[in-house]
Amino acid sequence: MSQAVADARSCNVGPVILLGPPGAGKGTQAKRIAESYGVPQISTGDILRANVAAGTDLGRKAKAIIERGELVPDSLVCDMVSARLVEPDSARGFILDGFPRTVAQAEWLDSFLESKVFENQPCSKLRPIVIDFAVDYNSLLRRLTGRRSCPTCGRIYNVYYQPPRVDETCDVDGTKLVTRKDDDEQVVSERLKEYERKTLPLIDYYRAKGRLRVIDGDRDMDAVTRDTLELLSNGNRL
Ligand code: AP5
């Protein structure tokens, strides 16, 4: 383990929120930050997809909504996040990837972080830091339509930017890669519209609270990771 990773793992990173449109690189960067700090990546998209795959009640309610590229109702998502955040591995902090996504979810999160339920977590003393990854529309389209992922280990690839060594096969475990159903071009267009309608207002919400930091996400992955880790390690807590 490098000294930088060891240092990161010894401090409380607190709540980190990754904003940005579909394909901005939230999942890719969340995994890297989570690994550096030794805290969980909490991806609402991944949790919902796991529920769909397991055929739970929540999964049955969410399946068609996700496949249309729309957002799942706030109440379902907030209940799901609330159950995840009180797990002990979130105590030093967590990386929220894909949540909040509406102003109602952000207001719910603010009050949850201040609530009694959460107050025994050491990181609850820290206010969330919000990072928006800004990426050009055409890059988003290419990233989403080129994305592949490993159903076994969850590793994300991209046929244009980060191809596996062997076509359509995971480098780590040899599993055949899959394409997400909602990465179909028509659904992608709906997801981007839904982002503009419902998630974009969060930029103003967090800017008004003085918590927003914007990172140019339209560069190679390592450059984005470097800036993100630097921002977090600078004590850039507001
Ligand atoms: P979710 O899974 O959260 O999807 P999303 O927000 O649309 O984001 P993506 O996962 O598509 O993109 P990303 O920003 O994580 O990019 P990634 O790193 O993967 O949500 C799916 C659905 O679930 C929603 O549509 C909704 O229905 C529901 N849902 C989830 N959360 C919800 C909530 N809070 N409320 C209500 N409903 C909710 O990268 C994408 C591709 O680009 C990859 O191939 C990657 O390799 C590549 N890439 C990444 N970074 C770079 C880079 N710097 N340069 C080149 N390529 C890159």
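Order of listing sets the numbers, starting from 1, for every ligand and every atom in it.
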Taking the side chain as C-beta and beyond, is there a heavy-atom pair between [X] and [Y] under 4.5 Å?
X: Glu185; Y: Leu141; answer: no
X: Leu109; Y: Leu96; answer: yes
X: Leu232; Y: Tyr37; answer: yes
X: Lys61; Y: Asn51; answer: no

Identify, for [atom], the protein heavy atom at the shortest distance, and state residue, atom and that distance.
atom: atom 27 (O) of ligand 1; result: Glu70 O, 2.5 Å
atom: atom 16 (O) of ligand 1; result: Gly25 N, 3.2 Å
atom: atom 48 (N) of ligand 1; result: Met221 CE, 3.7 Å
atom: atom 44 (O) of ligand 1; result: Tyr157 O, 2.8 Å
atom: atom 19 (O) of ligand 1; result: Arg147 NH1, 2.6 Å
atom: atom 43 (C) of ligand 1; result: Ile156 CG2, 3.5 Å
atom: atom 15 (O) of ligand 1; result: Gly27 N, 2.8 Å

Side chain, backbone, both or neither: which part of [X] comes within less than 4.0 Å of ligand 1 when only heavy atoms are counted?
X: Val72; result: both
X: Gln162; result: side chain
X: Ala30; result: neither
X: Leu144; result: side chain
X: Phe133; result: neither
X: Asp182; result: side chain
X: Gln105; result: side chain

Nearest neighbour of [atom] from the list [options], on a heavy-atom basis:
atom: atom 33 (C) of ligand 1; options: Arg101, Lys26, Arg32, Lys198; answer: Arg101
atom: atom 41 (C) of ligand 1; options: Glu67, Arg143, Arg68, Arg49; answer: Arg143
atom: atom 17 (P) of ligand 1; options: Asp46, Ile47, Thr28; answer: Thr28
atom: atom 29 (N) of ligand 1; options: Thr44, Leu48, Asn158; answer: Leu48
atom: atom 1 (P) of ligand 1; options: Arg191, Arg180, Arg219; answer: Arg180

query = Looking at Val77, which atoms of ligand 1 are within less than 4.0 Å of one of its heavy atoms?
reply = 33 (C), 34 (N), 35 (N), 36 (C)
message = Could you tell me, atom by atom, which parts of ligand 1 come under 4.0 Å of a heavy atom of Pro21?
response = 14 (O)
Are [X] and [Y] ion-paired here, with the side-chain N under 4.0 Å from a carboxylate O?
X: Asp183; Y: Arg191; answer: yes
X: Arg32; Y: Asp222; answer: yes
X: Arg148; Y: Glu168; answer: yes

request  = Output, in order, the C-alpha distance, side-chain angles, deciding distance and verdict of side-chain contact (heavy atoms from CB on, under 4.5 Å) for Leu202 and Ile17.
outcome  = CA-CA 11 Å; Leu202 283 182; Ile17 295 171; over 6 Å; no
Compute the minimum heavy-atom distance from [X] to ligand 1 and say whether it is under 4.0 Å.
X: Gly146; value: no
X: Gln29; value: no
X: Gly20; value: no
X: Ser43; value: no

key: Smallest separation among heavy atoms of Lys209 and Asp110, with atom names   = CE-OD2, 3.5 Å
query = What are the two closest non-hydrogen atoms of Gly98 and Thr44, and how far apart are they?
reply = O-OG1, 3.0 Å
message = If you apply the rule side-chain contact (heavy atoms from CB on, under 4.5 Å), what do you find for Trp108 with Asp74, and how did you get there?
response = CA-CA 9 Å; Trp108 173 88; Asp74 292 333; over 6 Å; no
request  = Decide whether Leu76 and Leu85 are clustered together by the hydrophobic rule: side chain heavy atoms of Ile, Leu, Val, Met, Phe, Trp, Tyr closer than 4.5 Å, transitively.
outcome  = yes
request  = For side-chain contact (heavy atoms from CB on, under 4.5 Å), just list the numbers for Tyr205 and Thr102, CA-CA rounded to whole Å, side-chain angles, deciding distance to a tenth of an Å, and then say yes or no.
outcome  = CA-CA 10 Å; Tyr205 177 88; Thr102 62; over 6 Å; no
inquiry  = By the definition side-chain contact (heavy atoms from CB on, under 4.5 Å), identify the one residue from Val224, Leu140, Asp216 that meets it with Val135.
reply    = Leu140
